[in-house]
Novice: 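Mind looking over this structure? Questions follow.
We name chains A, B, ... by the order of the sequence lines, and we start the count at 1 in each one. Quick caveat, the model's predicted, so the values are computed rather than measured.
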Amino acid sequence: MSGPPLNPEQRAAVAHDEGPLLIFAGAGSGKTRVITHRAARLVSERNVKPWRILAVTFTNKAAGEMRHRLGGLLGDVARQIWVGTFHATCARILRRHAEDVGIRQDFVIYDDGEQRAVINRVMQELKLDDKRCPPKRLAAWIDRAKQEARGPDDVEKNDPFSQAAAQVYQAYEKRMRASGAVDFGDLLLMTLRLAEADTEAGRALRAKFDYVLVDEFQDTNHVQYRLVRALASGTRNVCVVGDDDQAIYRWRGADVRNILGFREDFPDATVIKLEQNYRSTKRILRASHAVISKSASREPKELWTDNADGAPVTLVASEDERDEARLIVQGIRELRREGRSLRDMAVFYRIHAQSRVIEEALRAANLPYVVVGGIRFYDRAEIKDLLSYLRVIANPHDDVGLLRIVNVPPRGIGKTTTDRLQAAGAETGESIWSVLPRVAPELGKAASTKLAAFRELVEALAKKAPDLKPSELAREVLEVTGYVRALESEDSAEADARKQNLQEILGSMEEFEQEAEVPTLAAWLESVSLQSATDEVAEGDRLTMMTVHAAKGLEFPVVFVTGLEEGMFPYRGLDGDEEELEEERRLAYVAFTRARERLVLSHAFVRRLFGTPKEGFPSRFVDELPEGDVVRVGKTGAFGRATSSRSDAWGGGRSSSVPSYGSRAASRFGAGSGASSSPSPARLGSGSWRPSAQPARTSTPAAQSRGLPTGSYVDRSMADDIPRDGLQRGARVRHAKFGVGQVRDVLPGSPVRVSVQFPNWGLKQIVASFLEPA
DNA sequence: GATTGTGAGGTTTTT
DNA sequence: CCTCACAATC
């Protein structure tokens with residue numbers, strides 16, 4: 001394939017022949033290109049059989065991209081290469097070896113919700129208190145056990161919770177097997193067991209691949225690591241690619257040590273670092289590096305680029321989250337006026353809850369957008385209903401699926417009945433479907449008749465299934481179950497929307513039938529189970545919005561990162577340990593390095609989260625930015641950063657025909673921006689503190705209508721007459737109760753409050769008048 | 001057995 | 001603020 005020539009490091013990675021290879025691939029360093037070229041070369045020049053190459057990714061999107069590029073390089077043979085996500089690859093292997101691991105060949109894959117349903121059921125059966133053992137916590141506990149390759153018998157049980165959890169785990173596994181179901185963790189763990197087994201099947205699996213390539217290796221968990229090692233144990237031709245700086249899934253069991261410690265398991269590994277970045281401007285890289293270089297225990301490296309300096313990073317300060325949304329919309333508009341397309345822009349946030357306010361502002365401004373992630377299309381009730389029918393038809397022992405649809409649409413089979421059936425199944429460890437013929441007659445005439453009718457319905461559909469395409473079967477289901485009729489009789493807008501969604505899924509099934517290699521129902525169900533919310537693609541000229549996690553692996557010409565406040569980003573969880581903070585740092589790095597040309601960072605001084613307003617200081621990640629590469633916009637840094645003169649840089653105060661936010665303005669402020677933005681640390685000395693130098697321009701109606709924050713330049717804290725001398729960041733102050741501490745930041749608002757770090761009390765926010773210099 | 005009401009709890013979430 | 005889960009109703 002064409003494209004620019006590979007650089008020396010890339011070439012070395014592609015040309016590497018045998019033995020372990022570890023590639024540190026920085027953001028935007030052409031990683032996917034290297035992997036695909038390498039795989040292609042193995043086939044075309046080294047005569048490796050394509051089906052003896054395994055390339056594993058984490059997301060369907062990445063797998064699809066790789067498949068696509070391999071197709072471009074190799075043509076049709078590319079299809080024989082094993083390209084897939086960890087989970088899809090494992091599912092594929094398990095279908096072939098179901099017997100060897102003791103599961104049904106037609107197993108279904110339970111998602112988190114279905115997993116929870118099983119946990120809830122098991123807890124009821126064990127009569128466990130869901131206050132003491134929240135199902136959520138149990139699910140996380142079981143997941144973690146599986147990630148660590150621990151079965152119910154080799155978990156630690158040293159406290160009451162883990163004792164209960166182990167009990168649940170045991171019963172959960174039993175119920176999953178009875179249901180012919182596996183969860184995501186099972187896919188990996190069962191494949192690992194198989195791959196490490198000293199059996200015929202195990203040996204065959206270990207010898208199956210001549211080359212194993214793994215992408216995003218920093219995100220592997222223990223089981224995935226061992227699986228890779230086992231699958232590559234035949235030839236030791238294992239190539240892992242990753243970036244420890246982009247490890248952001250520790251909370252999901254990923255362990256960066258897998259990449260950092262790779263050289264311990266494979267001392268002879270060749271190590272290649274791809275440090276040339278082809279994506280971003282120098283300024284964006286400098287900003288990114290400023291943040292990540294503070295990270296402890298990382299592989300030493302620094303991205304560099306031949307790209308232009310580019311525009312400075314824009315730092316937007318706003319009053320609150322609505323203000324932030326307004327300013328972002330304003331920035332978007334200006335960039336558009338410069339000719340930027342909406343599709344070139346993305347807005348990132350730390351948590352989904354932040355999206356709403358921004359969405360509202362975008363809607364008000366008539367700017368089309370798409371929110372990536374959040375709820376999956378397949379998670380909608382009507383879709384899950386149809387899916388459950390199809391799954392029960394494929395495997396009637398799927399209890400969760402069966403319980404979902406047994407009374408949908410209502411057919412008079414209520415809770416009392418299903419409770420009895422569940423209890424019967426629990427007694428013998430069988431599925432509901434299995435106990436149905438035996439138990440139904442004991443439930444009285446009415447229930448028994450209805451259950452028999454349901455059974456016949458499912459059996460009739462199952463009988464037809466082999467002769468129908470998936471989409472035809474789905475239509476049949478919607479018809480004979482009366483599902484569509486029930487929706488129609490509802491005659492509401494909502495029911496209409498549901499019908500449309502069902503129509504859409506039928507369409508996607510037909511598409512699948514056209515394209516898939518094996519267009520069976522089972523294959524379709526599996527592909528749906530393994531799909532994620534982020535796989536849904538955005539198209540058209542719209543802005544993209546997503547969490548930073550969802551943004552990994554993507555790039556945009558313009559990136560807005562919102563909510564950069566202490567507590568929000570870095571997000572402060574319950575424990576907030578050092579490791580967690582490190583991960584937040586890497587997350588910020590990921591966010592920043594998504595940007596190609598323009599990076600806009602924003603923070604608000606007050607943010608309402610879940611209703612309650614909370615004050616927030618600018619994130620440390622913002623403080624750490626190199627001043628010379630930053631231009632400030634919006635509300636005056638409340639603690640006297642002399643930034644007000646910059647405030648009009650966002651298009652206020654000047655004729656709108658001069659796009660100040662755009663590249664022209666950027667270059668205008670560019671090189672010299674260091675002079676115009678104040679040096680940090682912020683000072684509270686009277687000089688820079690005085691707002692009087694600034695006209696209260698934004699309070700004019702015109703400015704307001706432009707959506708500028710009212711009173712941007714009028715800091716209300718000015719009104720106070722409290723002692724400020726010595727109240728600057730870093731200053732030592734004394735408090736009557738907490739003793740001596742160090743000023744970390746000064747809050748806007750009245751009365752002026754200061755956040756102070758006390759050795760024994762931690763970070764406190766204190767009204768300034770209660771403090772004296774120490 | 002379905003419908004409406006209160007209360008807790010609500011990072012991130014590749015699969 | 002908003003959603004989901006269970007409870008108290010008709």
Side-chain angles (χ1 to χ4, degrees), chain A residues 56-64 84-91 109-113 115-117 120 130-131 134-136 139-140 143 146-147 182-188 215-216 218-221 223-224 246-254 321 348-354 356-357 360 372-376 378-379 381 407-419 446-447 450 526-535 546-554 563 567-576 580 583-584 586-588 590-591 607-613:
Chain A
V56 207
T57 63
F58 273 85
T59 67
N60 292 303
K61 202 184 269 167
T85 63
F86 266 103
H87 296 265
T89 303
C90 288
I109 301 165
Y110 276 2
D111 66 16
D112 300 356
Q115 176 185 45
R116 286 280 281 285
N120 282 327
D130 62 357
K131 292 282 175 295
K136 215 184 149 184
D143 280 345
K146 290 188 178 185
Q147 281 159 10
V182 299
D183 59 29
F184 290 133
D186 287 333
L187 289 172
L188 303 173
D215 193 12
E216 305 279 17
Q218 77 282 356
D219 287 333
T220 49
N221 63 33
V223 165
Q224 287 162 330
Q246 294 185 65
I248 57 173
Y249 285 103
R250 190 182 79 100
W251 52 277
R252 276 200 122 231
E321 75 281 359
F348 301 161
Y349 33 80
R350 181 63 183 78
I351 62 172
H352 281 298
Q354 287 170 261
R356 229 193 64 230
V357 193
E360 280 165 12
V372 176
I375 63 147
R376 291 192 315 167
Y378 295 102
D379 285 338
N407 201 32
V408 176
R411 46 174 80 95
I413 302 173
K415 193 167 182 297
T416 331
T417 305
T418 53
D419 277 353
K450 289 167 189 160
E526 183 170 303
S527 79
V528 167
S529 298
L530 296 177
Q531 225 154 94
S532 78
T534 37
D535 288 330
M546 63 182 111
T547 63
V548 178
H549 283 92
K552 197 177 79 168
L554 305 178
M568 184 53 132
F569 197 175
Y571 196 92
R572 230 190 314 282
L574 298 155
D575 34 338
E580 220 160 274
E583 182 140 315
E584 295 290 317
R586 294 190 293 263
L587 197 54
V590 167
R607 186 174 295 275
R608 256 176 301 273
L609 187 61
F610 308 137
T612 41

Novice: Between the protein and nucleotides 2-8 of chain B, list the N/O to N/O atom pairs that are separated by less than 3.5 angstrom.
Specialist:
residue: B/dA2; atom: OP1; partner: A/Asn407; partner atom: ND2; Å: 3.4

Novice: Is there a side-chain contact (heavy atoms from CB on, under 4.5 Å) between A/Arg250 and A/Glu580? Walk through the geometry before answering.
Specialist: CA-CA 8 Å; A/Arg250 190 182 79 100; A/Glu580 220 160 274; 4.2 Å; yes
Novice: Between B/dT13 atom P and A/Asp379 atom CG, what is the distance in whole Å?
Specialist: 13 Å
Novice: Nearest to the side chain of A/Thr416 - B/dG10, B/dT14, B/dG1?
Specialist: B/dG1
Novice: Mind calculating the distance between CZ (A/Arg252) and P (B/dT12) to the nearest angstrom?
Specialist: 12 Å
Novice: According to a cutoff of under 5.5 Å between the ring centres and under 30° between the ring planes, does A/Trp251 stack with the base of B/dT11?
Specialist: no
Novice: Rounded to whole angstrom, note down the C1' distance from C/dC6 over to B/dT11.
Specialist: 25 Å
Novice: Taking only residues two or more places apart in sequence, or in another chain, which ones meet A/Ala447 in a side-chain contact (heavy atoms from CB on, under 4.5 Å)?
Specialist: A/Thr417, A/Leu443
Novice: Tell me, please, which residues at least two apart from A/Arg350 pass salt bridge (charged side-chain N to carboxylate O under 4.0 Å, His left out).
Specialist: A/Glu584
Novice: Mark yes or no for a side-chain to base donor-acceptor pair under 3.5 Å between A/Arg350 and B/dT12, with no hydrogen or angle criteria applied.
Specialist: yes
Novice: Would you please name every residue forming a side-chain contact (heavy atoms from CB on, under 4.5 Å) with A/Leu530, sequence neighbours left out?
Specialist: A/His87, A/Ala88, A/Ala91, A/Ile109, A/Phe184, A/Leu187, A/Glu526
Novice: Write down the distance separating the C1' atoms in B/dT14 and C/dT3, rounded off to the nearest Å.
Specialist: 25 Å
Novice: Can you tell me if A/Asn407 uses its side chain to pair, donor with acceptor, with the backbone of A/Gly412 under 3.5 Å?
Specialist: yes
Novice: Would you please name every residue forming a salt bridge (charged side-chain N to carboxylate O under 4.0 Å, His left out) with A/Asp186, sequence neighbours left out?
Specialist: A/Lys146, A/Arg177
Novice: Give me the first and last nucleotide of DNA chain C, going 5' to 3', that has any atom under 4.0 Å from a heavy atom of chain A.
Specialist: C/dC1 to C/dC2
Novice: Provide, to the nearest angstrom, the distance between the CG atom belonging to A/Asp419 and the C1' atom belonging to B/dG1.
Specialist: 13 Å
Novice: Whole-Å distance between B/dG10 P and A/Arg356 CZ?
Specialist: 19 Å
Novice: Could you check whether A/Asp112 gets within reach of a base, just the sugar-phosphate, or nothing at all, counting any heavy atom under 4.0 Å?
Specialist: base
Novice: Any idea which of B/dT14, B/dT13, B/dG10 is nearest the A/His549 side chain?
Specialist: B/dT13
Novice: Rounding to an integer number of Å, can you tell me how far A/Phe348 CZ sits from B/dT12 P?
Specialist: 16 Å
Novice: With distance as the sole test, does A/Gln147 use its side chain to make a donor-acceptor pair with the main-chain N or O of A/Arg252 at under 3.5 Å?
Specialist: yes
Novice: Taking the P atom of each, how far is B/dT12 from C/dA5, in whole Å?
Specialist: 16 Å
Novice: Please report the interatomic distance CD1(A/Ile248) to NE2(A/His549), rounded to the nearest 0.5 Å.
Specialist: 4.5 Å
Novice: Which residue lies toward the 5' end of DNA chain B, A/Lys450 or A/Glu216, if each is placed at its nearest nucleotide?
Specialist: A/Lys450
Novice: Heavy atoms only, 4.0 Å cut-off, all strands: where does A/Glu584 land among base, sugar-phosphate and nothing?
Specialist: base
Novice: What form does the base of B/dT12 take, syn (within 90° of 0) or anti?
Specialist: anti
Novice: For the pair made of CG in A/Asp111 and P in B/dT14, what is the distance, rounded to whole Å?
Specialist: 12 Å
Novice: Output all residues satisfying side chain to side chain donor-acceptor pair (under 3.5 Å) with A/Asp379, sequence neighbours left out; order by chain, then residue number.
Specialist: A/Arg376
Novice: Starting at the 5' end of DNA chain B, which residue's closest nucleotide do you reach first, A/Val548 or A/Thr417?
Specialist: A/Thr417
Novice: Reckon A/His352 has a side-chain N or O less than 4.0 Å from the OP1 or OP2 of B/dT13?
Specialist: yes
Novice: Could I get the full list of side chain to side chain donor-acceptor pair (under 3.5 Å) partners for A/Thr57, not counting sequence neighbours?
Specialist: none
Novice: For the pair made of CZ in A/Arg250 and P in B/dT13, what is the distance, rounded to whole Å?
Specialist: 17 Å
Novice: For A/Arg608, what residues pass the side-chain contact (heavy atoms from CB on, under 4.5 Å) criterion, not counting sequence neighbours?
Specialist: A/Asp320, A/Glu321, A/Arg322, A/Pro613
Novice: Whole-Å distance between B/dT12 P and A/Tyr571 OH?
Specialist: 7 Å
